[in-house]
Structures are given as C-alpha cells and as structure tokens.
Novice: 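The structure follows.
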Amino acid sequence: MAKVAYETAERPARRAFLRQASAAGLFTLGGCATGAAPPPATKPAFRPVPPLARVDARPGRIMNITVCLRPFRAAGPRLDTETVGDKLVVHNYGHGGSGWSLSWGSGMVAVRKALSAGARDIAVIGCGALGLTAAVVAQRAGASVTIYAKERMPDVRSARATGVWSPDSRIATAAAAPPEFPALWEEMTRSSFRMFQSYLGLPGSPIEWIDRYVLSDAPPSGRADPVGFAHYGGWVRDLTPPMESLPPGSHPFPTAYARRASLPMFNIAEYARVLTAEFLQNGGRIETAEFHAPADLTSLKQRAIINCTGYGARALWKDESLVPVRGQIAWLIPQPEVNYGLVYDGVFMLGRRDGIVIQQTGPDESWGYDDANEQPDRAEAEAAVAAIARVYA
Ligand SMILES: Cc1cc2nc3c(=O)[nH]c(=O)nc-3n(C[C@H](O)[C@H](O)[C@H](O)COP(=O)(O)OP(=O)(O)OC[C@H]3O[C@@H](n4cnc5c(N)ncnc54)[C@H](O)[C@@H]3O)c2cc1C
C-alpha cells in the first residue's frame with residue numbers, strides 16, 4: 001500500500017521539481033531535467049540525492065594551477081625529539097597527504113613533548129598546517145609562542161592542498177611503519193576529528209561536511225597501490241558514515257555506478273585565516289626567518305623548538321627519508337552553488353568556497369611518487385578539467 005501511495009502522491013510533485021530544477025540549471029536525475037527517467041518504484045532506503053549544480057568545467061575557467069609536494073616518510077611522520085646545543089627539538093613533519101587532517105592530534109603529541117621539560121616559551125619552525133596548528137595547541141596549553149618561518153600562508157605548500165578529511169592518505173607504508181604507529185595514528189586522528197567539529201557552522205565555513213560521489217563505468221574496485229601505502233581507515237570507521245552505493249535511477253550521473261560518502265572539507269583559505277587570527281589574538285608572533293642547518297636554531301632564545309618544516313626538513317635536517325609526492329590542482333573560478341565532490345576517471349573535483357579544485361589523481365596510488373617537479377603542467381590541468389566536463393556532457 002505504501003508503494004502505491006508513493007507512486008501516485010509523489011510523481012506529480014517530482015515532475016514539478018524537475019521543471020524547477022531545469023529552469024535553475026541543476027543537474028538532476030537522468031543527467032537532464034526532462035523527467036524522462038522514472039522515479040524509483042519504492043522509497044529509497046537512503047538519503048535521496050539532492051539537486052546538484054553543474055560544474056562549469058571549461059579550460060577558460062581555470063584561474064590558477066598550483067603544485068604541492070606531499071612530505072612522505074615510509075615510516076610515518078617524524079615525532080621524535082633530539083637536542084641541538086642547549087635546545088630540545090621536537091620534530092613534527094612528514095605527514096604525506098594527511099597533514100591538514102592530522103594537524104591537531106600531531107600538534108598535541110609534539111606540544112606534550114615540548115612542554116615536558118618545563119619550558120613555557122616555545123619556538124615553532126614553520127607556518128604551514130602543522131606549524132600553525134601546533135602553535136595554537138601550545139598557546140592553549142599556556143605557552144608563549146613565536147613562529148619562525150621562511151613563508152607563511154598563502155605561500156606555504158599547505159595552502160595548495162585539496163582540503164578533505166584524509167587522515168591516512170600517504171601517511172606511511174604498511175611495510176615500514178613501526179608496530180606502534182597505528183595506535184598513535186588513531187589517537188592523532190580522533191583528537192583532530194574532535195577539534196574540527198568545533199570549527200563547523202562558523203562564518204565563512206572554515207570547515208564543513210560535504211557529499212563526495214565516486215563514479216565509475218565498471219564495477220567499483222580498489223585502486224592499485226604499487227608503493228604499498230598503509231591504510232588505517234578500519235581503525236576509525238565510527239567517525240564518518242560508510243560509503244553507500246546509489247542504485248541506478250537514483251542519481252543524475254551518466255555512469256553505471258555511483259557511490260556516495262560524507263566527509264569533512266577544509267576551506268583552507270578561510271580556515272588558515274581563522275587559525276592565524278586565533279594565534280595572533282593570543283599574543284603569538286610570526287617572524288620571517290630561514291634556517292640552513294640545525295645548528296642555526298641555537299641562535300633562538302627559546303629552549304624548546306617544534307620543527308614543522310614539512311618537505312623543507314629534507315634540506316634543513318638532511319632527511320633523505322622524505323619522499324616528495326607531487327600533486328597538482330587546477331583551480332576553477334568558485335561556484336558557491338557547487339557544494340559537493342566527485343571522483344571520476346582518475347580525477348577529483350571538490351567544490352570549495354575558495355575555488356573548485358580539479359586534481360588529477362592518476363590511474364593508481366603511485367601518481368606523483370618521488371616527483372619533486374613543482375612546475376605547473378597546463379596540459380595535465382586541462383585534461384583533468386575535460387574529464388570532469390564529461391560527467392555533465
Ligand atoms: C596536492 C595535495 C593535496 C593534498 N590534500 C590534502 C588533503 O586534502 N587533506 C590533508 O589532510 N592533507 C592534504 N595534503 C597534504 C598536506 O598538504 C601536507 O601534509 C601538509 O601541507 C604539510 O604541512 P606542513 O606544515 O608540514 O608543511 P608546509 O606547508 O610545507 O609548511 C612548512 C613550513 O616550514 C617553513 N620552512 C621550511 N623549511 C624552512 C627553513 N629551512 N627555514 C625556515 N622555514 C622553513 C615553510 O616556509 C613553511 O612555513 C595534500 C598535499 C598535496 C600536495
């Protein structure tokens with residue numbers, strides 16, 4: 001009986017919706033708003049796909065092309081301590097493709113170590129995701145903090161990240177991560193996740209939740225992973241809703257398969273501004289400085305130093321275990337109405353407030369591995385934009 005009621009009562013309403021969606025230029029069931037695709041015969045057991053605005057994916061809309069190097073270490077991020085002269089140096093670098101996602105939890109681990117010797121005046125080297133966040137964590141723990149960095153936002157590599165919750169993206173390899181690392185990773189992931197919730201619902205949406213649709217013409221399968229990256233998602237399954245398959249006819253995409261997952265997104269321009277404002281309001285100072293060798297740090301007045309130099313640690317600390325993993329983003333002019341993400345044909349699209357991210361992620365997980373080329377590649381950017389355009393063709 002319920003089925004009959006749905007078909008008779010909801011169909012006219014749906015036709016009216018499709019007419020309105022067509023007039024509004026929305027991307028609706030069947031890929032066009034003619035109402036040709038019949039609605040599902042029974043009420044879906046999942047949250048219906050809302051009208052999705054089309055991405056205007058044309059090369060002429062590219063407003064910028066940026067390249068970033070993920071600071072990857074097979075053994076996981078470096079969080080140990082050492083002494084340099086009379087300084088206690090706590091390392092906090094090498095977070096691969098997870099730097100934003102792990103920033104709070106990793107900062108908490110580093111700050112705990114920095115304060116353990118009794119210091120209340122802390123120097124943080126680096127003003128990217130890890131440095132800025134660790135500096136705020138240290139202030140909240142009662143320390144007085146100065147950041148010393150060669151670059152600050154928006155010139156740091158962290159400003160060129162995709163901006164999604166990805167705490168185990170290129171964070172280690174399964175073979176090289178020490179046995180105790182997964183538990184530490186879980187602790188950092190959970191404490192970061194908790195902190196991000198406190199930035200939801202703020203003006204400018206520094207952090208928000210979005211739906212990401214994963215589309216494919218063939219049945220979904222895992223991506224090949226020749227590097228053997230560690231995957232720890234199973235440890236924190238309870239934090240985000242599981243990926244759900246969308247039945248044919250329930251979504252507007254032209255592909256045979258569509259899945260959806262909800263996850264936090266960082267509008268990095270706004271989020272970094274909020275973090276910087278909090279740091280400065282709490283009396284923090286940012287000084288421009290470049291260090292060429294660990295011994296240079298002995299000139300600082302602070303006894304406790306947190307080293308958040310990201311890929312820069314490869315040169316500064318001669319850490320050859322840091323491997324660059326190149327990633328390029330073509331930035332399309334923002335469309336505030338595009339508030340979702342897509343993965344299709346090896347390309348990632350994310351509708352951020354500060355621009356539409358279009359990123360080639362390649363045929364397998366090794367894309368960009370050990371590639372330190374930071375020159376933008378226009379042809380790669382245009383090919384990625386063309387792939388996203390095909391979704392709306
Ligand atoms: C394409 C791409 C997409 C990504 N997407 C995501 C994502 O969606 N989610 C996520 O969580 N992570 C993502 N990442 C990973 C994330 O961007 C990095 O893990 C993160 O930016 C590392 O931050 P960091 O603070 O360690 O380094 P950086 O941002 O590089 O900051 C380093 C700081 O140290 C300073 N510095 C370096 N050397 C010196 C020196 N010798 N003297 C003085 N100062 C120095 C720099 O000037 C800078 O201030 C992505 C990365 C890439 C490349």
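We count ligands from 1, going down the list as the structure has it; atoms in each ligand are counted the same way.
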Novice: For a quick check under 3.5 Å, do E82 and W317 share a side-chain donor-acceptor pair by atom type?
Specialist: yes
Novice: Identify, for atom 43 (C) of ligand 1, the protein heavy atom at the shortest distance, and state residue, atom and that distance.
Specialist: A289 O, 3.2 Å
Novice: Between V385 and L52, is there a shared hydrophobic cluster once you connect ILVMFWY residues whose side-chain heavy atoms come closer than 4.5 Å?
Specialist: yes
Novice: Look at the rings of Y213 and F253 and say which category their plane angle falls in: under 30° parallel, 30 to 60° tilted, over 60° perpendicular.
Specialist: tilted
Novice: Using side chain to side chain donor-acceptor pair (under 3.5 Å) as the criterion, point out the one residue from R78, H91, R73 that pairs with D319.
Specialist: R73
Novice: In terms of side-chain geometry, is the basic nitrogen of D121 or R303 positioned less than 4.0 Å from the acidic oxygen of its partner?
Specialist: no
Novice: Decide whether the shortest distance between a heavy atom of Y93 and an atom of ligand 1 is less than 4.0 Å.
Specialist: no
Novice: If you measure every N or O of G97 against every N or O of ligand 1, does any of those distances drop under 3.5 Å?
Specialist: yes
Novice: Just distances here: any N/O of T162 and N/O of ligand 1 closer than 3.5 Å?
Specialist: yes
Novice: Any N or O of S166 that comes nearer than 3.5 Å to an N or O of ligand 1?
Specialist: yes
Novice: Report yes if C127 has an N/O atom closer than 3.5 Å to an N/O atom of ligand 1; otherwise report no.
Specialist: yes
Novice: For L130 and ligand 1, does the shortest N/O to N/O distance drop below 3.5 Å?
Specialist: yes
Novice: Between A313 and ligand 1, which part of the residue brings a heavy atom under 4.0 Å of the ligand: side chain, backbone, both or neither?
Specialist: neither
Novice: Using distance alone, determine whether L316 and ligand 1 share an N or O pair under 3.5 Å.
Specialist: no
Novice: In this structure, which one of M195, M188, E187 forms a side chain to side chain contact (heavy atoms under 4.5 Å, CB included) with M108?
Specialist: M195
Novice: So which protein heavy atom does atom 47 (O) of ligand 1 come closest to, and at what separation?
Specialist: E151 OE1, 2.5 Å
Novice: Give the atom numbers and elements of ligand 1 that come within less than 4.0 Å of a heavy atom of A149.
Specialist: 44 (N), 49 (O)
Novice: Quick one: look up the protein heavy atom nearest atom 30 (O) of ligand 1 and list residue, atom name and how far away it is.
Specialist: R157 CB, 3.5 Å
Novice: Taking atom 42 (N) of ligand 1 as the point of reference, which of F291, W317, F266, Y311 owns the nearest heavy atom?
Specialist: F291
Novice: Is the shortest side-chain heavy-atom distance between Y93 and I125 below 4.5 Å?
Specialist: no
Novice: Measure the distance from atom 9 (N) of ligand 1 to every protein heavy atom, then report the residue, atom name and distance (to 0.1 Å) of the closest one.
Specialist: V164 O, 2.9 Å
Novice: Below 30° counts as parallel, above 60° as perpendicular, anything between as tilted: where do the rings of Y271 and F266 land?
Specialist: parallel
Novice: Does either side chain, that of T288 or that of R152, offer a donor lying less than 3.5 Å from an acceptor on the other one?
Specialist: yes
Novice: Residue-level breakdown please: for S98 versus ligand 1, do any non-hydrogen atoms fall below 4.0 Å on the side chain, on the backbone, on both, or on neither?
Specialist: backbone
Novice: Hey, are R285 and T146 close enough side-chain-wise for a donor-acceptor pair under 3.5 Å?
Specialist: no
Novice: Can you name the closest pair of heavy atoms from E208 and R353 and give their distance?
Specialist: OE2-NE, 2.9 Å
Novice: If you count the atoms of ligand 1 from 1 in the order shown, which ones are under 4.0 Å from a heavy atom of G163?
Specialist: 7 (C), 8 (O)
Novice: Just which atoms of ligand 1 are under 4.0 Å from any heavy atom in S101?
Specialist: 9 (N), 10 (C), 11 (O)
Novice: Give the residue, atom name and distance (to 0.1 Å) of the protein heavy atom nearest atom 35 (C) of ligand 1.
Specialist: G126 CA, 3.8 Å
Novice: Checking T255 against D217: is there a side-chain donor and acceptor pair closer than 3.5 Å?
Specialist: no
Novice: With only distance considered, is I329 within less than 3.5 Å of ligand 1 through an N or O on each side?
Specialist: no
Novice: For ligand 1, find out whether one of its N or O atoms is nearer than 3.5 Å to an N or O atom of L69.
Specialist: no
Novice: Nearest heavy atom to atom 32 (C) of ligand 1 wins, so pick from T309, V325, T361, L132.
Specialist: T309
Novice: Does the ring centre of W100 sit less than 6.0 Å away from the ring centre of H95?
Specialist: no
Novice: Give the contacting part of S169 toward ligand 1: side chain, backbone, both or neither, where contact means a heavy-atom distance below 4.0 Å.
Specialist: neither
Novice: Taking 4.0 angstrom as the limit and counting only heavy atoms of C308, give me the atoms of ligand 1 inside it, by number and element.
Specialist: 32 (C), 33 (C), 34 (O)
Novice: Can you tell me the protein heavy atom closest to atom 50 (C) of ligand 1 and the distance?
Specialist: A161 CB, 3.6 Å
Novice: Go through the steps to decide whether R58 and D56 satisfy the test salt bridge (Lys or Arg N to Asp or Glu O under 4.0 Å), and finish with yes or no.
Specialist: CA-CA 6 Å; R58 288 176 289 152; D56 190 353; 2.6 Å; yes
Novice: For G327, take its heavy atoms, then give the atoms of ligand 1 lying under 4.0 Å from any of them.
Specialist: 1 (C)
Novice: For atom 48 (C) of ligand 1, what is the nearest protein heavy atom, given as residue, atom name and distance?
Specialist: V156 CG1, 3.5 Å
Novice: Under a 4.0 angstrom heavy-atom cut-off, which atoms of ligand 1 come close to G310?
Specialist: 26 (O), 27 (O)
Novice: If we ignore angles and hydrogens, is there a donor and acceptor under 3.5 Å between the side chains of T66 and W331?
Specialist: yes
Novice: Have S262 and D211 got a donor and an acceptor in their side chains that come within less than 3.5 Å?
Specialist: yes
Novice: Just going by heavy-atom distances, which of S158, P264, G128 is nearest to atom 29 (O) of ligand 1?
Specialist: S158
Novice: Any heavy-atom pair between the side chains of I305 and L300 that's under 4.5 Å?
Specialist: yes
Novice: For G96, counting its heavy atoms only, list the atoms of ligand 1 lying under 4.0 Å from any of them.
Specialist: 15 (C), 16 (C), 18 (C), 19 (O)
Novice: Do L297 and V89 come close enough that some side-chain heavy atom pair is under 4.5 Å?
Specialist: yes
Novice: Kindly confirm or rule out an N or O of W100 lying under 3.5 angstrom from an N or O of ligand 1.
Specialist: yes
Novice: Does ligand 1 have any atom sitting under 4.0 Å from a heavy atom of Q359?
Specialist: yes
Novice: Can you pull out the closest protein heavy atom to atom 51 (C) of ligand 1? Residue, atom name and distance to 0.1 Å, please.
Specialist: R70 CG, 3.4 Å
Novice: Going by distance only, is there an N or O of K150 that falls short of 3.5 Å from an N or O of ligand 1?
Specialist: yes
Novice: For G312, counting its heavy atoms only, list the atoms of ligand 1 lying under 4.0 Å from any of them.
Specialist: 37 (C), 38 (N)
Novice: Which of parallel (below 30°), tilted (30 to 60°) and perpendicular (above 60°) describes F229 and F72?
Specialist: perpendicular
